[in-house]
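Every heavy atom of this structure was used, including side-chain atoms; hydrogens, water molecules and symmetry mates were not. Throughout, a chain's letter reflects where its sequence line sits, starting with A, and its residues are numbered from 1.
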2 protein chains.
Amino acid sequence: MTKSRNDEAITMQSVAIAAGVSPMTVSNTFRYPERVQEETRRRVLTIAAELGYVPNHAAGNLASGQSRVIGAVIPSIKNSSFYNYVRGMQDRVASQGYQLILKLADTVSQEAAAIRTFVGLRVAGVALVGDEHEVDALTLLRKTGVPVVESWVYNNPFDMAVGYSTADATHAITSLLIEAGRQRIGFVGYDGDVSRRYTERVPVFRRCVESAGLDSHRIVLVDQADGFSAGAKALEGLCAIDPDIDAIVCPTDIVAAGVLFECGRRGWKVPDRLAVAGWGDYEIASEITPGITTIQPHSYEMGQRAMTLIVERASGIDRRGVSHDTGFQVVRRESV
Amino acid sequence: MTKSRNDEAITMQSVAIAAGVSPMTVSNTFRYPERVQEETRRRVLTIAAELGYVPNHAAGNLASGQSRVIGAVIPSIKNSSFYNYVRGMQDRVASQGYQLILKLADTVSQEAAAIRTFVGLRVAGVALVGDEHEVDALTLLRKTGVPVVESWVYNNPFDMAVGYSTADATHAITSLLIEAGRQRIGFVGYDGDVSRRYTERVPVFRRCVESAGLDSHRIVLVDQADGFSAGAKALEGLCAIDPDIDAIVCPTDIVAAGVLFECGRRGWKVPDRLAVAGWGDYEIASEITPGITTIQPHSYEMGQRAMTLIVERASGIDRRGVSHDTGFQVVRRESV
DNA sequence: TCCATCTTTTGTAGCGCTACAATATTCTGC
DNA sequence: GCAGAATATTGTAGCGCTACAAAAGATGGA
């Protein structure tokens, strides 16, 4: 029961009457304060505050065709992987007078639904994660012309993109293990319907170890939904392939932590018996003992850049086709 | 540049023309399908899909004074504490034809800003966490009459509430340690500007241990922002008070895990040397070795209930003042 | 004093949609 | 075949706001 039509809802009209000015002056006070004389503006703002007036965004959006709300679709908040990304978006957006709203979507079809909601809301822009989306959703975005930025990827942007190279990062972390003298390196990937950001790591890993003259058959896939316990499963699987495995590349720090827990159970010393590499630089990576050597994507910066691109587009700058590489860092800790 | 005014934007009008019906029929097709004849409806839907038409929510909201979007304010996504809560909200809302949008807010003033955004968007309802809010925000909510549900608390609802008793849970977990024969029980609380859901645990803990004839001076406060590392600090602090401490009640599973990590570093056996209790039943609680004994709030159910209340209110049922207790469970694992 | 210029304020029209009432169409039963 | 009911469709008006253009005041130089 949002409010029946002829409630005494506080509208711009009522503020105008109370302040003895025209509705347009109230509108200007909020949207273009500099167009209104100091004194008038102050009076309007005071009255508006007294009355508890909040501009009806729906009406404003409709009249102006513009919106100061940006929508972001986030795959999951199960772990902290997107925490800094969201913080980055939020911080940047706030400093520009925009608002960020979020929708969670675990699957592409949920993502499509989220996109539809955002488009229905006529947001100023949409931020997506990854480059795998439902065709219908993309068609819709293209047709409506909403600015779209894809994050965590940076090739072939649909519209705009901000990310880093998964391939380069995979290469970097694998090379680190090789340089550390490991000979029997295993790789843990994700199973099932998982994003390309994960699947494209396998061939890179293969090439990398092979070019160092090592075997690349120590590969096992686990279920993304398993969280920490995937670590235990992965280690089991890899031991079945090679009981003398001496290093593991994990898809996330969560799996890496799971591997560490399992090593604890087995009484394996890390990194002496087994070197473990993670991905994502989650909080746990630095807190657990031993600390996890991992890939740190610059997610905060990524979030900021994403919003910058959208805000720029919203203010008329053409940024179509732009893609930013925000890079990554290998953070070395005791686990390798 | 959302879209200039006289673009060939796909509107209800254009769908109506293309389908050879009046705009009202298109409107009805989307809002009240049963009012439209099977064949007409199908034709309209086909054309709408072909044209990539998405109803303008802003316009609809303005015209009807109703909205099918619900806003939820979430304190943080740094860890998984709100994961199930959000899932519960999302699932329930989806099955009712509503949409959930999220805003993150770490502080009450950020929360107030989020509330203002939601009110500006004229959402159908607002879900908040906790019962500590900015006065202005509450005034605004009261004035506009938006349905509001507070979660994780269930006393004195501002409008409606869903939660469980922090006091009872504190009592339950402390009693468990006492029954397990622990004599020197320590308590870890959060420092600084932290929600009452945490601070109100201290006196309950005190009373609980005292009524068992034990000392209640082993209390230390840590910084909420510290994550896992708060565990190490907490253990240090408590050892300074009593080096022979034999049990710890932690504010979250994150801190409990941090304590376990620190025990690992010190070579302390858990639970032999020290029993550790957490709170929240985060994923890590069941995955780490030893598993953490913890409080499991029924967050998924809480999210569902919260949305049910809002949807009911939106459909006219008076639920003002209602508060649901969704309870909690003590999950016993090896750490105690 | 008057006109040109600048600043501030105000009507007007319409954004895209839906409530409501009115009209058109189809279906009953006799 | 027709009145009367039930179903399906359609005008009309207006939600609260803003773009735009027009009007009103203020300022200043000749």
Side-chain angles (χ1 to χ4, degrees), chain A residues 1-44 48 51-69 119-122 124 144, chain B residues 1-44 48 51-69 119-122 124 144:
Chain A
M1 189 106 314
T2 1
K3 171 191 318 171
S4 55
R5 297 178 73 98
N6 30 14
D7 248 21
E8 2 67 57
I10 300 112
T11 127
M12 183 170 275
Q13 179 79 26
S14 36
V15 176
I17 292 171
V21 295
S22 77
M24 264 321 294
T25 301
V26 180
S27 174
N28 283 330
T29 307
F30 284 94
R31 290 178 60 90
Y32 309 99
E34 73 284 358
R35 289 190 190 166
V36 177
Q37 211 176 358
E38 173 77 27
E39 197 216 310
T40 317
R41 182 180 14 178
R42 201 154 26 214
R43 182 152 38 96
V44 170
L51 262 46
Y53 169 70
V54 179
N56 185 331
H57 178 270
N61 185 166
L62 183 59
S64 70
Q66 296 194 328
S67 169
R68 299 210 142 246
V69 173
V119 170
L121 247 18
R122 299 297 190 269
T144 52
Chain B
M1 193 102 312
T2 1
K3 170 189 319 171
S4 55
R5 296 177 74 99
N6 29 14
D7 247 22
E8 2 67 58
I10 300 112
T11 124
M12 182 169 276
Q13 179 79 26
S14 36
V15 176
I17 292 171
V21 295
S22 75
M24 263 322 292
T25 302
V26 180
S27 173
N28 283 331
T29 307
F30 283 95
R31 290 179 60 90
Y32 309 99
E34 74 284 359
R35 289 190 191 166
V36 178
Q37 210 176 358
E38 173 77 26
E39 197 216 307
T40 317
R41 181 180 11 173
R42 198 148 36 206
R43 182 153 36 98
V44 170
L51 263 47
Y53 169 70
V54 179
N56 185 330
H57 179 270
N61 184 167
L62 183 59
S64 70
Q66 295 193 330
S67 169
R68 299 207 144 248
V69 174
V119 171
L121 246 17
R122 299 298 191 269
T144 51

Considering only side-chain heavy atoms of B/Leu62, which listed nucleotide, D/dC17, D/dA19, D/dG16, is closest?
D/dG16
To the nearest Å, how far apart are A/Ile10 CD1 and D/dG16 P?
11 Å
Could you tell me how far apart A/Asn28 (CG) and D/dA21 (C1') are, to the nearest whole angstrom?
13 Å
Please determine if a side-chain N or O atom of B/Arg31 lies less than 4.0 Å away from the OP1 or OP2 oxygen of C/dA19.
yes
Taking OP1 and OP2 of C/dT9, is either one under 4.0 Å from a side-chain nitrogen or oxygen of A/Ser22?
no
Counting just side-chain N and O atoms, does A/Ser27 come under 4.0 Å of either OP1 or OP2 of D/dC17?
no
Using a 4.0 Å heavy-atom cut-off across all strands, classify A/Thr11 as base, sugar-phosphate, or nothing.
sugar-phosphate
Just to confirm, is there a sub-4.0 Å distance from OP1 or OP2 of C/dC17 to any side-chain nitrogen or oxygen of B/Tyr53?
yes
Just to be sure I understand the rule, does B/Phe30 reach a base, reach only the sugar-phosphate, or reach nothing, if contact means heavy atoms closer than 4.0 Å?
nothing
B/Gln37 CD to D/dT7 P, in whole Å, measures 12 Å
Between B/Ala59 and B/Gly20, who's closer to the 5' end of DNA chain D by nearest nucleotide?
B/Gly20
B/Arg35 CZ - C/dC20 C1' separation (whole Å)
10 Å
Expressed in angstrom and rounded to an integer, what is the separation of A/Met24 atom CE from D/dG16 atom P?
17 Å
Measuring from B/Asn61:CG to B/Arg122:CZ, what's the distance to the nearest 0.5 Å?
8.0 Å
Please check: side-chain N/O of B/Ser64 versus main-chain N/O of B/Gly60, any donor-acceptor pairing under 3.5 Å?
yes
Do NZ/NE/NH1/NH2 and the carboxylate oxygens of B/Glu39 and B/Arg42 come within less than 4.0 Å?
no
To the nearest 0.5 Å, how far apart are CD in B/Gln37 and OG1 in B/Thr29?
11.5 Å
Considering just the side-chain nitrogens and oxygens of A/Thr25, establish if one lies under 4.0 Å of OP1 or OP2 belonging to C/dT9.
no
Starting from C1' on D/dT7, measure out to CD on B/Glu39 and report it in whole angstrom.
15 Å
Within this structure, what is the CE-CG distance for the pair B/Met12 and B/Asn56, rounded to the nearest 0.5 Å?
9.5 Å
Looking at C/dT18, I'd like to know if its phosphate oxygens (OP1 or OP2) sit under 4.0 Å from a side-chain N or O belonging to B/Tyr32.
no
Can you tell me the distance, in whole Å, between the CD atom of A/Gln13 and the P atom of D/dC15?
10 Å
Can you tell me if the side-chain N/O atoms of B/Thr40 get under 4.0 Å from OP1 or OP2 in D/dT9?
yes
Nearest-Å distance, CD (B/Glu34) to C1' (D/dT7)?
13 Å
Choosing from C/dA19, C/dT10, D/dT18, which nucleotide comes nearest the side chain of A/Val21?
C/dT10
